[in-house]
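Beneath this line is the structure, given in structure tokens, with notes to follow.
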Amino acid sequence: LKIGKTFIELEGLFLKLAQQISTMSNALPEPYIRAFEKAQNRSKPKPVDQIRKQIESELGMRINQLFSSFDNTPIGTASIGQVHKAKLINGETVAVKTQHSEIDKIAKLDLELIKKLIKIVTYFIKIPGFDEMFEEVVKMINEELDYEHEAKKINCIAESVKKDNRIKIPKVYLEYSTKKVLVMEYVKGEKITNHNFAKKYNINQNELAKTILQIFSQNIFIDGIYHADPHPGNVLVSESGQIILIDFGAVGTLSKDMKEGLLILMQASILKDENLMIEGLKKMGFISKAPGINKICKRIIHLVNDYLV
């Protein structure tokens, strides 16, 4: 479809929005989903000279004063920035994540234009959840544009799992990081879905899956902070079988009530207890305490119970 191709060609936040739309399989016809899915791996790297200039501007030093070596070819590229492998003067190997030049200004203009386009599209085609999705994209973009915010979240998650040797969170070099540049420890690994890699190094993928479930359960239900974009490109595994999390542009946090409500919902789903499920939804703030709401909730839960169990 032309609309999917156009979003990809426009790049920037249009590319990110296309990637987000591609996940709305429950709201869009399949041809649209297929068209937007092409955006998932289409980010083009910017010229390395632009990246070097951005780093020097942010850190106030020349590249050769900061790094003993800096690879010109990026190891990762996204709509907002890209990552290059480098070595600090002290010999430590790092991953340097740098925002594209003027991306914050471009993002602001793109968001305004996208908002207007959405109003036009939804006038003719009613797409459930589209407005809410856009608001989430705006929030996510604002967070991803602040690498200092990302650094803090990385350190929070690292602190929560520091005693668990099954998982590795890259170290952040705060002295080399700003709002637009983030320098982290370089960690080597393969996508957790790489079956050939797992077979080569005798890694039990069933055990890996259990470990991921345990770690994320700890992060979500106990710590209340978790990696919110754990696709295979962001969840790696080392040759020793250690799980590695990278790219913390999207990090979720949960309040005490939300954590408790989620646990109640899980328990209610297993027990098929409608009243307990209503209690959980109220705890999470999704249902008011108005008289008569229980009857409505029971009818809703009866309809969706098969999906929750």
Side-chain angles (χ1 to χ4, degrees), residues 19-20 22-26 30 33-34 37 40-41 75-78 83 85 93 95 140 150 153-172 184-254 258-273 276-277 280 284 304-309:
Q19 293 167 346
Q20 196 75 10
S22 71
T23 66
M24 299 181 68
S25 57
N26 62 328
E30 188 175 339
I33 296 299
R34 286 202 303 267
E37 278 178 347
Q40 291 181 358
N41 297 299
I75 56 176
T77 305
V83 182
K85 186 178 178 182
T93 304
M140 180 178 65
E150 181 176 345
K153 296 298 183 183
I154 292 173
N155 285 335
C156 284
I157 294 179
E159 179 66 23
S160 70
V161 299
K162 65 181 181 181
K163 295 181 180 179
D164 194 335
N165 293 326
R166 300 173 300 172
I167 183 170
K168 172 72 175 178
I169 307 294
K171 171 187 172 183
V172 176
M184 300 163 287
E185 172 188 6
Y186 174 77
V187 286
K188 188 177 180 181
E190 282 287 331
K191 287 184 179 181
I192 201 161
T193 52
N194 189 327
H195 302 298
N196 291 332
F197 180 83
K199 186 176 181 180
K200 180 179 179 180
Y201 291 99
N202 296 314
I203 298 170
N204 187 321
Q205 289 185 298
N206 288 330
E207 288 302 316
L208 278 181
K210 290 179 184 178
T211 299
I212 290 173
L213 179 61
Q214 291 168 359
I215 289 169
F216 272 83
S217 294
Q218 168 76 30
N219 291 161
I220 294 169
F221 299 117
I222 306 300
D223 305 322
I225 182 169
Y226 58 94
H227 193 304
D229 191 22
H231 62 72
N234 288 340
V235 184
L236 311 179
V237 60
S238 70
E239 294 176 1
S240 65
Q242 187 180 42
I243 292 167
I244 303 163
L245 293 184
I246 61 171
D247 193 351
F248 291 79
V251 172
T253 57
L254 296 173
M258 188 66 75
K259 289 188 294 182
E260 292 178 357
L262 279 171
L263 289 172
I264 293 171
L265 277 183
M266 291 180 65
Q267 183 181 4
S269 297
I270 294 169
L271 298 175
K272 296 187 178 181
D273 187 325
L276 186 61
M277 193 169 287
M284 296 166 73
V304 303
N305 194 59
D306 289 341
Y307 296 96
L308 293 172
V309 175

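Being a predicted model, the structure only gives us computed values, none of them experimental.
Taken to the nearest 0.5 Å, the CD1 atom of I157 stands 10.0 Å off from the OH atom of Y226. Taken to the nearest 0.5 Å, the OG1 atom of T93 stands 11.0 Å off from the NZ atom of K188. Note that the CD1 atom of I212 and the CZ atom of R166 stand 10.5 Å from one another [nearest 0.5 Å]. The CG atom of N194 sits 10.0 Å away from atom NZ of K200, with the distance rounded to the nearest 0.5 Å. Here the CG-CG distance, from L262 to L254, works out to 6.0 Å after rounding to the nearest 0.5 Å. Between the CG atom of N165 and the OG atom of S240 there is a distance of 10.0 Å, given to the nearest 0.5 Å.
Results of the side chain to side chain contact (heavy atoms under 4.5 Å, CB included) test with D164 over T211, I243, I215 single out I215 as the only residue that passes.
Between I154 and V251, every side-chain heavy-atom pair lies at or beyond the 4.5 Å cut-off. Within the 4.5 Å cutoff, no side-chain heavy atoms of Q267 are placed close to those of L263. Residues K153 and T253 form a side-chain contact, since some pair of their non-hydrogen atoms from C-beta on lies under 4.5 Å apart. Counting heavy atoms from C-beta outward, F197 and E239 have side chains that approach closer than 4.5 Å.
Here the closest heavy-atom approach between residue V83 and residue A95 is recorded as CG1-CB, 3.8 Å. When all heavy atoms of I225 and C156 are compared, the pair lying nearest together is CD1-CB, 3.7 Å. The two residues G233 and I246 make their nearest non-hydrogen contact at O-CD1, 3.5 Å. In plain terms, the two heavy atoms of I203 and S238 that are nearest each other are CD1-O, 3.4 Å. Taking every heavy atom of both residues into account, V187 and P170 meet most closely at CG2-CG, 4.0 Å.
Put simply, the side chain of E190 never gets that close to the backbone of V237: no donor and acceptor are under 3.5 Å apart. H227 places no side-chain N or O within donor-acceptor distance of the main-chain N or O of G252, the cut-off being under 3.5 Å. Using modelled atom types, one side-chain atom of K259 and one backbone atom of I222 make a donor-acceptor pair closer than 3.5 Å. The main-chain N or O of A198 is never found under 3.5 Å from a side-chain atom of N196 such that the two would form a donor-acceptor pair. Using modelled atom types, one side-chain atom of Q205 and one backbone atom of I192 make a donor-acceptor pair closer than 3.5 Å.
For E185 and K168, the salt-bridge test passes: some basic side-chain N is under 4.0 Å from an acidic carboxylate O. K210 has a carboxylate O that lies under 4.0 Å from a charged side-chain N of E207, or vice versa, which qualifies the two as a salt bridge.
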Working note: F221 + E260, criterion side-chain contact (heavy atoms from CB on, under 4.5 Å); need CA distance, chi angles, decisive distance, verdict.
CA-CA 8 Å; F221 299 117; E260 292 178 357; over 6 Å; no

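For D229, there are no salt bridge (Lys or Arg N to Asp or Glu O under 4.0 Å) partners two or more places apart in sequence or in a different chain.
Remark: K85 qualifies as a cation-pi partner of Y186 under the 6.0 Å distance and 45° angle criteria applied to the six-membered ring.
Of the N and O atoms on the side chains of Q218 and D223, at least one donor lies less than 3.5 Å from an acceptor on the other residue.
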